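Written below as structure tokens is the structure these notes are about.
We count ligands from 1, going down the list as the structure has it; atoms in each ligand are counted the same way. Every value quoted in this text rests on a predicted model; they were computed, and no experiment measured them.
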Amino acid sequence: MKVVLENLTMKFKSPHVKGEEVTAVDHLNFEIPDGKLICLLGPSGCGKSTTLNLISGLETPTEGKIWFGDQDVTRLPPEERGVGLVFQNYALYPHLTVEQNIIFPLQNLKGDRKMTKEAMHQKAVEAAKLVQIDGLMERKPKELSGGQQQRVAIARALVKIPRVLLLDEPLSNLDARLRLQTREELRRIQRETGVTTIFVTHDQEEAMSISDQIVVMKAGKLHQAGKPQDVYDDPVNLFVAQFLGTPQINVFEGKVEQEKLWIGEEAVLDVPGRKDRQVWVGIRPEGFIPGDDGPFTCRMDRIEMMGRDVSIISSHPKMTGRCIRSIVSSDDHLPVGQEQVRFRLKPHKVFLFDRESEERV
Ligand code: ADP
Ligand code: MG
């Protein structure tokens, strides 16, 4: 099911100041292709949950429309939209077994959609198999681990075969290992069922690893949408560049002058065709090549070896963060025991942003 958001806007009355409004979602335009998994990604408070609640029908927008295929669902109540919902702390019914929890959404079906006990059992088993909890059908929620409970919640969201599956930070309560494992399973289930899925997270790594597309939001607005790698490689502004990637992109004060990029007193890169201006310079950690003839001189702090990766931690008067992190190969010439490290820069790993607007230039 293709989902289209058209000028979607949600204003709440401010809980703090009388008469004031909070714009949680601000004229969002976006199309989610049929059968894809997309992530709404952004910092806490940027409007992800509100967007999801508008799509599910738990909230009604102040302005704009939501389409499921050719159907305008903007004013349709949640139960008529055919969505499956999973929240971060989706409370299972504690007194019901796993199976009873899963079939719960099927029990209220009316008219010709009403199901027999046997049919409901079949559906529950199918959904439970998908999330690999079919051996636990008679247990109560308190007899399950956190990861298993979340699988029950997912099975329950899938049992009615939703037109759209909506997941709001579904893995946040799981420990790191389980989170990794469950997200890979979610991806597998999504591929197997082909159900259009919208996944909300503030965790860029999670979003990058499972999505067909990511939608990066800030303060209710869409900043960039696209394939995860494309957004990483081609960020439209400083916010997006900083939000994606661990370690974070390194940011420096700099300027373009006579087709050279200057950081401090050094011309660190040729930038043919660029006009003179003040910029923020973003350099991805993998954009540095250490070597004694490099044009960019930084002050050495330390070298960290982490498995395959070697990180050089250094500093520079024009940097904006706490340190410069560069990830290099162990085959590179490492500045062991030196006070300075010199780098060459990989041009496609260096992004320039206007100093005022912070838009990419
Ligand atoms: P996210 O899920 O990205 O953390 P939310 O969608 O929950 O963000 O919230 C977006 C903004 O809308 C926040 O500023 C939040 O305080 C505000 N907000 C959300 N729900 C309400 C509400 N019911 N009443 C007033 N403000 C709200
Ligand atoms: Mg939220």
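The protein non-hydrogen atom at the shortest distance from atom 7 (O) of ligand 1 is S49 CB, 3.8 Å. Among protein heavy atoms, the minimum distance from atom 5 (P) of ligand 1 is reached at T50 OG1, 3.6 Å. When hydrogens are left out, the protein atom nearest atom 19 (C) of ligand 1 is F12 CE1, 3.5 Å; that is the closest non-hydrogen contact.
An N or O contact shorter than 3.5 Å links G47 to ligand 1 by distance. Polar contact with ligand 1: absent for P15 (N/O pair, distance under 3.5 Å). Residue contacts with ligand 1: E59 is placed with no nitrogen or oxygen under 3.5 Å of a nitrogen or oxygen of the ligand (distance criterion only).
Here E31 pairs with K2 in a salt bridge; the nearest charged N to carboxylate O distance falls below 4.0 Å. With respect to K227 and D212, no salt bridge is recorded, no charged nitrogen being found less than 4.0 Å from a carboxylate O. Taking the charged nitrogens against the carboxylate oxygens, E192 and K129 have no contact shorter than 4.0 Å, which rules out a salt bridge. With respect to D270 and K260, a salt bridge is recorded, a charged nitrogen being found less than 4.0 Å from a carboxylate O.
Residue S44 approaches ligand 1 through these ligand atoms, each under 4.0 Å from one of its heavy atoms: 4 (O). Of all the atoms in ligand 1, the ones that sit under 4.0 Å from a non-hydrogen atom of K13 are 25 (C).
When distances to the Mg ion (ligand 2) are checked against a cut-off of 2.8 Å, S49 contributes an N, O or S atom below that limit.
Interatomic distance, F30 CZ to E6 CD, rounded to the nearest 0.5 Å: 14.5 Å.
Contact annotation for atom 27 (C) of ligand 1: protein present (non-hydrogen atoms, distance under 4.0 Å). Atom 16 (O) of ligand 1 is never approached by the protein to below 4.0 angstrom, counting heavy atoms only.
Ring pair F239/H223 is perpendicular by interplanar angle, where above 60° counts as perpendicular and below 30° as parallel. Using cut-offs of 30° and 60° on the angle between ring planes, the pair F296 and F288 is parallel.
The option from A24, G220, G45 that lies nearest to atom 1 (P) of ligand 1, judged by heavy atoms, is G45.
Each of R360, R277, K255 was checked for a salt bridge (charged side-chain N to carboxylate O under 4.0 Å, His left out) with D354, and the lone residue meeting it is R277.
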